[in-house]
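Here is the structure we will look at, set down as structure tokens.
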Amino acid sequence: MEKMWAGRFSKEVDSGVNAFNSSISFDGRMYKNDIEGSIAHATMLGEAGIISREDSETLIKGLNEILADIDSGKLELDMTAEDIHMFIEAELTKRFGSVGKRLHTSRSRNDQVALDIRLYLRDEIAEIRALVYKITDVLCNIAEKHTETIMPGYTHLQRAQPITFGQHLMAYAQMFLRDLERLDDVNKRMNECPLGSGALAGTTYNIDRFMTSSLLGFNAPMVNSLDGVSDRDFCIELSSAISIIMMHLSRFSEEIILWCSWEFKFIELDDAFATGSSIMPQKKNPDIAELVRGKTARVFGDNMTLLAMMKGLPLAYNKDMQEDKEAIFDAIDNVKLCLSTFIPMLETMSVYKENMRNAAARGFINATDCADYLVKKGMPFRDAYKITGGLVAECIEKQTDLEHLPIECYKEKTDLFADDVYNAISLDTCVRERKSYGGPSPESVAKQIEITRKKLNK
Ligand code: ARG
């Protein structure tokens, strides 16, 4: 295909260079957005009298035809074209001759591509948002069934204090709620229109940037034309927000992997969401969770690609910036893929309440409650802490636990202990009484679910 800029050159571009330079293999996915932007531009050109109304209408009709033909597969993208912008403009000219050549009046590919990416990302953010909404909703539903399911809570991966499975799941729900806010925030800042920035210095034509901005559903045109074509901060922000979603998913994956192990056996994944081994017949592997954890690394890489790509670029457009697309597209594709596989994996997993409870019953998880018992009887916390430490040491020596240690052993330490200590340190009491706001008790978790659902539906 002859280059639109061929006029200045005496030779055709080397075929290797053409392939090296071309971005249509990856920016082709923005064809709808490119056409949407061009229709707004053509409309404005006609309205402002920069081209005739008739030409404007022909361009709009032609662009819609091209859109329909690409959608239906009738028109295939030409992989030797330089990029999607050139391809569509060339096709328009092929079909409508010199009218097609008027489309690019007072526009540059620099503002065009800055626009297309924003339009594309806006749609993608809506899709990612729907998935993050879904996982938060699913977590509420599962947590609701487990407000009374006791499990060990950990710090340092050591059994620490008893919690409920509902509480554990709702912790993730809060993280995903913040992820939703972050996506909305990215969208808010991104939603300004660069079209009309031209190559970098605006234009001498009497364009109406407010018209194109509002036709395309933006809040306002971008204020500075250099900025309009120069920055990709919105890609960096979005890939950061996506990286944080992936980080949350990856931690969750790590726990799923642990919980599936024979050592924990807190949950079992549905057969449809696990895989086997080629050699070990007994294996059932949590591949999905592992792959999500693995893919998190590449998404972090995408974020770093974008940051590093931009750090040394002088204003305004530089071709380096063509590299933005593969990085941000990769982050988007992977977060969507991960969320949409992870959600049904969660929905179909079995929860082994007994194993969770048994694990919570070991490891002196109620030691804090034993100390708190003494505190409630008037002892300063530090003294109570020390006495309980001594009791734990005694239990370890006698190979027993606090629930089974005879009352005489307690009384030897202090007279404040009475028979009611056993009730105070029972697992059920420990969990039921942790009803501080945000805590793991059944009623606190039910409250968290209520608050979360409210936030989701506002
Ligand atoms: N394919 C290019 C990109 O993605 C479009 C902009 C080209 N602009 C230019 N001045 N060569 O960045």
Side-chain angles (χ1 to χ4, degrees), residues 1-9 12-38 40-41 63 66 70 77-93 101 103-124 190 193-203 212 222 224-236 238-239 302 305-333:
M1 187 194 285
E2 194 195 315
K3 295 280 178 257
M4 298 205 181
W5 35 258
R8 190 217 184 279
F9 291 79
E12 266 194 20
V13 73
D14 175 87
S15 68
V17 169
N18 195 44
F20 179 71
N21 213 31
S22 168
S23 54
I24 193 164
S25 63
F26 49 87
D27 64 22
R29 64 160 88 186
M30 303 191 302
Y31 72 90
K32 277 190 180 36
N33 316 99
D34 192 75
I35 292 174
E36 188 190 353
S38 290
H41 182 64
L63 285 161
I66 292 173
I70 300 178
L77 304 188
D78 173 0
M79 287 300 140
T80 65
E82 195 173 322
D83 52 32
I84 188 64
H85 326 293
M86 291 296 206
F87 172 76
I88 289 170
E89 194 186 327
E91 185 62 29
L92 203 57
T93 304
K101 295 183 187 169
L103 174 66
H104 211 53
T105 313
S106 83
R107 185 176 70 167
S108 157
R109 264 185 306 161
N110 297 349
D111 56 346
Q112 190 176 357
V113 70
L115 170 69
D116 291 4
I117 309 171
R118 281 177 168 83
L119 291 172
Y120 183 83
L121 296 186
R122 203 163 65 180
D123 294 345
E124 291 289 341
M190 189 177 77
C193 187
L195 188 62
S197 297
L200 73 161
T203 177
T212 42
M222 290 180 74
N224 180 293
S225 66
L226 275 184
D227 177 46
V229 291
S230 289
D231 213 346
R232 294 292 181 268
D233 53 358
F234 57 99
C235 295
I236 297 172
L238 179 57
S239 66
D302 293 328
T305 297
L306 289 161
L307 280 166
M309 178 194 87
M310 293 303 290
K311 75 177 266 293
L313 297 185
L315 304 188
Y317 177 85
N318 298 269
K319 185 77 169 188
D320 316 43
M321 287 154 72
Q322 181 165 286
E323 292 286 314
D324 60 357
K325 284 170 250 354
E326 282 163 296
I328 192 67
F329 294 166
D330 186 73
I332 288 168
D333 293 348

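Just so we're clear, the structure is a prediction, and the values are computed from it rather than from any experiment. Atoms within each ligand, like the ligands themselves, are counted from 1 in listed order.
Although no hydrogens or angles enter the test, the distance criterion places a donor-acceptor pair under 3.5 Å between the side chain of Ser239 and the main chain of Cys235.
Remark: aromatic rings of Tyr31 and Phe87 are distant, center separation not under 6.0 Å.
Scanning for side-chain hydrogen bond (donor to acceptor under 3.5 Å, both in side chains) contacts around Ser23 gives Asp27, Gln322, with sequence neighbours left out. Partners of Lys32 according to the side-chain hydrogen bond (donor to acceptor under 3.5 Å, both in side chains) rule, which considers only residues two or more places apart in sequence or in another chain, are Asp71.
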Ligand-protein N/O pairs under 3.5 Å (ligand 1):
{"unit_1": "ligand 1", "atom_1": "1 (N)", "unit_2": "Ser23", "atom_2": "OG", "d": "3.1"}
{"unit_1": "ligand 1", "atom_1": "1 (N)", "unit_2": "Asp83", "atom_2": "OD2", "d": "3.0"}
{"unit_1": "ligand 1", "atom_1": "1 (N)", "unit_2": "Gln322", "atom_2": "OE1", "d": "2.8"}
{"unit_1": "ligand 1", "atom_1": "4 (O)", "unit_2": "Lys325", "atom_2": "NZ", "d": "2.7"}
{"unit_1": "ligand 1", "atom_1": "8 (N)", "unit_2": "Asn110", "atom_2": "OD1", "d": "3.0"}
{"unit_1": "ligand 1", "atom_1": "10 (N)", "unit_2": "Asn110", "atom_2": "OD1", "d": "3.0"}
{"unit_1": "ligand 1", "atom_1": "12 (O)", "unit_2": "Tyr317", "atom_2": "OH", "d": "2.5"}

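Judged as a salt bridge (Lys or Arg N to Asp or Glu O under 4.0 Å), not a single pair has a partner in residues 110-119 (not counting sequence neighbours).
Other residues, nucleotides and ligands place no more than 12 heavy atoms under 6.0 Å from the NZ atom of Lys311.
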